[in-house]
Amino acid sequence: MSTKDHLMIFDTTLRDGEQSPGASMTRDEKIRIAKALERLRVDVIEAGFPIASPGDFEAVKAVAAAVKDSRVCGLARALDADIDRAGEALKGANAGRIHTFIATSPIHMEKKLRMSPDQVLAQAVHAVKRARNFTDDVEFSPEDAGRSEIDFLCRILEAVIAAGARTVNIPDTVGYNIPDQFGSLIATLRERVPNADQAIFSVHCHNDLGLAVANSLAAVRNGARQVECTINGLGERAGNAALEEIVMAVRTRADLFDCATRLDTTQIMTCSRLVSTITGFPVQPNKAVVGINAFAHESGIHQDGVLKNRETYEIMRAQDVGWTENRMVLGKHSGRNAFRARLLELGITLNSEEELNAAFARFKDLADKKHEIFDEDLQALVTDATLETANERVKLVSLRVCSETGETPHAQLVLTVDGVEQTGSASGGGPVDATFKAIESIVNSDAVLRLYSVNAITSGTDAQGEVTVRLEKGGRVVNGQGADTDIVIASAKAYLNACNTILHPAERAHPQIADV
């Protein structure tokens, strides 16, 4: 039997990951990701920041009710209202945790909080004690610990552990640390805090200098037994430590780590694709573990070596993280039961027969256009259907685009705006540009296009194109997504999805103040 310690994986994709501009998720999307994380066997799922908005409160509450095998966590500042709101949101959780925090670095205490160190310490202790009224599982984070004074960190950690915090998280909030420095910090804190043995030490590293994973692993080597991370490294600014990289590094280099996770790593790719599809943030091809090139070999020398022995150039098996050639052997002659069964295997649950019928009709339509249907196609199909019904003020009825050599591309379309059909047309530098201008001639969103990205969901010339559009208006940034075998139609869907979000009032406050 293994004597290795258990390394807890705390996933904050639904909270810190959602703080990426344009990455906001609906309640149903959060539930889909949470269920995928549960199948991955993540220890703790940080579902959101309940005080941020009514929508975030409802999302945390829904995730808490839906997840049974992972612990569900809600974030709260060291304020009574935040803690009470988090406690209320987590009432229905099979296992809940409140994660409270307050800044401890000199610059944060002086410039942001305008509080003395003694006041900060007293507030931290009060917050932990209040959170204990709701749950025995309380986590405390000294925000900006990476730039905090070591003596004060020791004082506040000792105090919150004495007050009942069972996990103390050391965040490198601004990604300032380097591995040997951060590892040494964890070792020093564990040595100097008198009651350190009464709490699990955790780390939460940001990737501003590209060192989030390295810093996290250095901390684990020095006794941290929880790592806070996100799928695909999604998160504030340059992102967080990538869950897939942390988990596979610990597993692959078991000779160096005296701990192990409980994760089912074969679920990593499913989670990665789902998060990418829902947020509209594509995974770069050369991304470690989950990038499409992660297990690809082009060099003749490499190919020859792998053919003779995989381990010559591969330190992990592609199958261990979920890379497979698993195709859906479904087509236009397949029935509803086979379709439903495959959705369930992918962790996609539809709420009613009406939703299943609508999704099945979309599947049939796609099967008429594509010979082979892949799992990724199904995930995009369901997400596309969800996006269409989420905000329906503006809908695409028809689109005609003309593009030929030597002529200026021209687009004509019909939209319904609040149920009323309107016609628009425009010319542009290309078919997509013309389409966007035609949409704007009707919608008049006054938004600025910040990103246009096209990603082929699967291989082949008949692949669905997945388009992400990022718009900005008045400082508000939103993403729009669309998928179709016709890339111009996919682009129109994505632009309209973003426009619909822009046209709705912001339902969720951006919790930048909660960047721990």
Side-chain angles (χ1 to χ4, degrees), residues 8 10-19 25-27 30-31 33-35 37-38 42-104 113 120-143 156-157 159-169 171 198-200 202 204 226 228 507-516:
M8 296 182 66
F10 177 113
D11 183 275
T12 184
T13 303
L14 302 181
R15 199 277 298 171
D16 200 322
E18 193 185 24
Q19 288 179 209
M25 308 165 201
T26 66
R27 183 190 66 176
K30 279 197 170 189
I31 292 172
I33 292 174
K35 295 295 286 183
L37 293 172
E38 185 179 31
V42 161
D43 296 283
V44 184
I45 299 171
E46 190 168 50
F49 185 25
I51 198 71
S53 74
D56 220 30
F57 172 83
E58 292 299 332
V60 174
K61 187 176 178 181
V63 170
V67 171
K68 301 304 177 189
D69 296 331
S70 298
R71 189 169 293 275
V72 178
C73 178
L75 185 70
R77 292 167 297 185
L79 299 173
D80 289 357
D82 283 42
I83 292 165
D84 294 350
R85 193 70 166 154
E88 187 180 350
L90 294 168
K91 271 183 184 176
N94 188 46
R97 172 183 294 186
I98 292 177
H99 178 192
T100 186
F101 71 97
I102 193 169
T104 55
L113 299 179
V120 167
L121 188 148
Q123 189 72 20
V125 169
H126 172 78
V128 169
K129 288 181 176 178
R130 191 175 187 94
R132 283 293 297 251
N133 293 329
F134 296 97
T135 176
D136 291 337
D137 192 342
V138 176
E139 176 173 336
F140 172 78
S141 289
E143 186 185 4
I156 199 167
L157 292 180
V160 296
I161 292 172
R166 291 294 167 258
T167 303
V168 286
N169 177 55
Q198 296 176 27
I200 294 170
S202 170
H204 178 124
Q226 176 179 283
E228 304 195 359
E507 294 181 354
R508 182 178 183 278
H510 191 296
Q512 182 123 6
I513 51 172
D515 179 18
V516 300

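Because the structure is predicted, anything quoted here is derived from the model rather than measured.
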Exercise. Does one side chain, of Ser202 or Gln226, offer a donor that lies under 3.5 Å from an acceptor on the other?
Worked result: yes
Exercise. Is a salt bridge present between Arg97 and Glu139, judged by a nitrogen-to-oxygen distance below 4.0 Å?
Worked result: yes
Exercise. Is there a side-chain contact (heavy atoms from CB on, under 4.5 Å) between Lys61 and Glu58 once you walk through the steps?
Worked result: CA-CA 5 Å; Lys61 187 176 178 181; Glu58 292 299 332; 4.1 Å; yes
Exercise. Glu46 side chain to Asp16 main-chain N or O, any donor-acceptor pair under 3.5 Å?
Worked result: no
Exercise. Is there a salt bridge (Lys or Arg N to Asp or Glu O under 4.0 Å) between Lys30 and Glu18 once you walk through the steps?
Worked result: CA-CA 10 Å; Lys30 279 197 170 189; Glu18 193 185 24; 3.2 Å; yes
For this session: Considering non-hydrogen atoms only, spot the tightest contact between Asn169 and Pro142 and give its length.
Result: O-CD, 2.9 Å
Problem set entry | Thr135 side chain to Asp137 side chain, donor-acceptor N/O pair below 3.5 angstrom | no
Exercise. Should Thr100 and Arg77 count as side-chain neighbours, where that means a heavy-atom distance under 4.5 Å?
Worked result: no
Exercise. Does Asp43 reach the side chain of Phe10, with side-chain heavy atoms less than 4.5 Å apart?
Worked result: no
Exercise. Which pair of heavy atoms, one from Leu14 and one from Ala34, lies closest together, and at what distance?
Worked result: CD1-CB, 4.0 Å
Exercise. What do the steps show when you test Asp84 against Phe134 for side-chain contact (heavy atoms from CB on, under 4.5 Å), and what is the final call?
Worked result: CA-CA 8 Å; Asp84 294 350; Phe134 296 97; 3.4 Å; yes
For this session: Taking all heavy atoms of Pro50 and all of Val60, pick out the closest pair and write down the distance.
Result: CG-CG2, 4.0 Å
Exercise. Step by step, would you call Val63 with Arg27 a side-chain contact (heavy atoms from CB on, under 4.5 Å)?
Worked result: CA-CA 8 Å; Val63 170; Arg27 183 190 66 176; over 6 Å; no
For this session: Please assess Asp136 against Arg166 for the test salt bridge (Lys or Arg N to Asp or Glu O under 4.0 Å), listing each intermediate value before the final yes or no.
Result: CA-CA 8 Å; Asp136 291 337; Arg166 291 294 167 258; over 6 Å; no
Exercise. Step by step, would you call Phe140 with Ile102 a side-chain contact (heavy atoms from CB on, under 4.5 Å)?
Worked result: CA-CA 8 Å; Phe140 172 78; Ile102 193 169; 3.9 Å; yes
Seminar exercise, completed: d(Asp11 CG, Cys73 SG) to nearest 0.5 Å is 11.0 Å
Exercise. Are any of the side-chain nitrogens in Arg15 or Asp56 under 4.0 Å away from the carboxylate oxygens of its partner?
Worked result: no
For this session: Please say whether more than 12 non-hydrogen atoms of neighbouring residues, nucleotides or ligands are located less than 6.0 Å from NZ in Lys68.
Result: yes
Seminar exercise, completed: NZ (Lys129) and CD1 (Ile83) are apart, to the nearest 0.5 Å, by 12.5 Å
Problem set entry | Side-chain donor or acceptor of Asp82 paired with backbone N/O of Ala76 under 3.5 Å | no
Exercise. Is a side-chain donor or acceptor of Glu38 paired with a backbone partner of Asp69 at a separation under 3.5 angstrom?
Worked result: yes
Problem set entry | Minimum heavy-atom distance Ile156-Thr104, with the two atoms named | CD1-CG2, 3.8 Å
Exercise. Which heavy-atom pair separates Gly96 from Arg71 by the least distance, and what is that distance?
Worked result: O-NH1, 3.3 Å
For this session: For the pair His204 and Thr12, evaluate side chain to side chain donor-acceptor pair (under 3.5 Å) and give the outcome as yes or no after the intermediate values.
Result: CA-CA 10 Å; His204 178 124; Thr12 184; 5.5 Å; no
Problem set entry | Heavy-atom closest contact (Ala165 atom, Val128 atom, distance) | N-CG1, 3.5 Å
Problem set entry | Donor-acceptor pair, side chain of Lys35 and main chain of Ala66, under 3.5 angstrom | yes
Exercise. Is the side chain of Ser70 donor-acceptor paired with the backbone N or O of Val44 at a distance under 3.5 Å, no angle test?
Worked result: no
Exercise. Does Phe57 have Arg85 sitting over its ring (NZ/CZ under 6.0 Å from centre, angle to axis within 45°)?
Worked result: yes
Exercise. Are any non-hydrogen side-chain atoms of Glu228 and His99 less than 4.5 angstrom apart?
Worked result: yes
Seminar exercise, completed: Separation between OG1 (Thr13) and CD1 (Ile45), nearest 0.5 Å, reads 9.5 Å
